[in-house]
Amino acid sequence: MAVSSDSARWEALAAVRTRGDVGDGIASVLALLGRSDVISFAGGFPDPETFPRERIALLLQEFTAGGELSAFQYAPTRGLAGTLDAFADRLERLQGRRPAADELLVTSGAIEALELIGKSFLDPGDVVVLEAPTYLGSIQSFRSFEATIVPVPLDEQGLDVDELERQLGQGLRPKLLYAIPDHQNPAGVSLSAERRATLVELARRFGFLIVEDVAYRELGFEGDSLPSLWSLAPDVVVQAGTTSKTFCPGVRLGWAAGPAEVTARLVSAKQLTDQCASALGQRLFEESERRGWIDDQLVRSRALYQRKGERMLAALERSMPEAVHWTTPRGGFFSWLTLPGINTIDLLGRAAEQGVAAVPGTLFFPDGRGADSLRLSFSLVDEEEIDEGIARLASLVRSGLSPRLGQ
Ligand SMILES: Cc1ncc(COP(=O)(O)O)c(C=O)c1O
């Protein structure tokens, strides 16, 4: 009794913006995901096999033996000078544009960049356009600033920019548009070159800021990529990047690159969140980048994820009924399944009982859509268990489909 009245008491005191509800059905599916006896296509985490543990140990030894102090001290809010320089070099090399000193800051991961952007630009009721489906963390982040979220659909070519233009023509006036142009989470698709050009033109014409999340950009299986939105239009784009998938999430490190006036606001906001990103993480990344270790790691990570992704797609091809569709990722961690006529919250509840997990589609929409879809992640699942996991899922799908669809 005391517990429930306590929880009611704190619920009453909690800020309205923290009371967002993801729904019981979803929560009950998510509760099953941590089980070790489950073949999980749920978590969007990197494979620990990619973590450069020996090299990190070597660097830590060098830092301590060499009397290095900056790794263990507070850092400037914008970032350590050497780390900023390493990020700028990397952006110049990989994206063809070098941010000026006042256009870049180091963040505690991409999620912090989203938090700083929301804090700096959103008042309650301001409009944010998102791709639908999109990264759950972004929905939660923009919601926490009480923004009005407007989902615009995407397809195999990424965000439907014609639909966006139509809505802008009808008076939609977003402050921010959040997009993941490369190997999108959760859809596994990339924004086409033509649509990139259209999108930045719309941002200029209608005066909104594009928030470009490049979390999976460097994980293209072929190592290739289209021009980033930020490199195409540094006047209207702030790019949020992360080292979580290219180095390791444990260092909680990322960057934001954008117009000087924008990054200055982010630096101000950061003084009130963590004051500075982990100096130790900054130094580990900087040294790894300088020695070519990040590129080296990426070569191996891409090959691993490509192998896993292809194995999963082959298993889907072999075992899923014809009515089921999925995207074919060319990088990143995800494929998006559409299962017409099937409620995937129910399906995945039963799947967990059969020892297989994935994430139901509704979680990736801000408005309850996506009930007949789900996200499969191939990044963390044990390679040897992929075939069995997909076979189990397919057999449940077959039993859940109407006889007509199941043929
Ligand atoms: C699209 C996207 N952005 C950002 C993040 C979070 O990145 P970080 O670990 O840098 O906070 C993730 C992690 O899953 C992601 O999928």
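A quick note: this is a predicted structure, and the numbers were derived from the prediction, not measured. As the structure lists them, so they are numbered: ligands from 1, and atoms in each ligand from 1.
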_Quick check for you: to the nearest 0.5 Å, what is the distance between Leu219 atom CG and Ser225 atom OG?_
11.0 Å
*Can you tell me how far CG of Leu380 sits from OH of Tyr305, rounded to the nearest 0.5 angstrom?*
8.0 Å
Just the distances, no angles: every ligand 1 N or O to protein N or O pair closer than 3.5 Å, one line each.
{"unit_1": "ligand 1", "atom_1": "3 (N)", "unit_2": "Asp213", "atom_2": "OD1", "d": "3.4"}
{"unit_1": "ligand 1", "atom_1": "3 (N)", "unit_2": "Asp213", "atom_2": "OD2", "d": "2.6"}
{"unit_1": "ligand 1", "atom_1": "9 (O)", "unit_2": "Ser244", "atom_2": "OG", "d": "2.7"}
{"unit_1": "ligand 1", "atom_1": "9 (O)", "unit_2": "Arg252", "atom_2": "NH1", "d": "3.0"}
{"unit_1": "ligand 1", "atom_1": "10 (O)", "unit_2": "Ala110", "atom_2": "N", "d": "2.7"}
{"unit_1": "ligand 1", "atom_1": "10 (O)", "unit_2": "Thr242", "atom_2": "OG1", "d": "2.5"}
{"unit_1": "ligand 1", "atom_1": "10 (O)", "unit_2": "Ser244", "atom_2": "OG", "d": "3.3"}
{"unit_1": "ligand 1", "atom_1": "11 (O)", "unit_2": "Ala110", "atom_2": "N", "d": "3.4"}
{"unit_1": "ligand 1", "atom_1": "11 (O)", "unit_2": "Ile111", "atom_2": "N", "d": "3.1"}
{"unit_1": "ligand 1", "atom_1": "11 (O)", "unit_2": "Arg252", "atom_2": "NH2", "d": "2.9"}
{"unit_1": "ligand 1", "atom_1": "14 (O)", "unit_2": "Lys245", "atom_2": "NZ", "d": "3.0"}
{"unit_1": "ligand 1", "atom_1": "16 (O)", "unit_2": "Asn185", "atom_2": "ND2", "d": "2.8"}
{"unit_1": "ligand 1", "atom_1": "16 (O)", "unit_2": "Tyr216", "atom_2": "OH", "d": "2.6"}

*What residue among Arg78, Arg97, Arg98 forms salt bridge (Lys or Arg N to Asp or Glu O under 4.0 Å) with Glu103?*
Arg97
*Closest heavy-atom contact between Tyr135 and Pro186?*
N-CD, 4.2 Å
*Walk me through it: do Phe333 and Tyr216 pass the test ring-ring contact (aromatic ring centres under 6.0 Å, His included)?*
CA-CA 8 Å; Phe333 287 181; Tyr216 302 93; 5.2 Å; yes
*Is there a donor-acceptor contact under 3.5 Å linking the side chains of Ser288 and Glu286?*
no
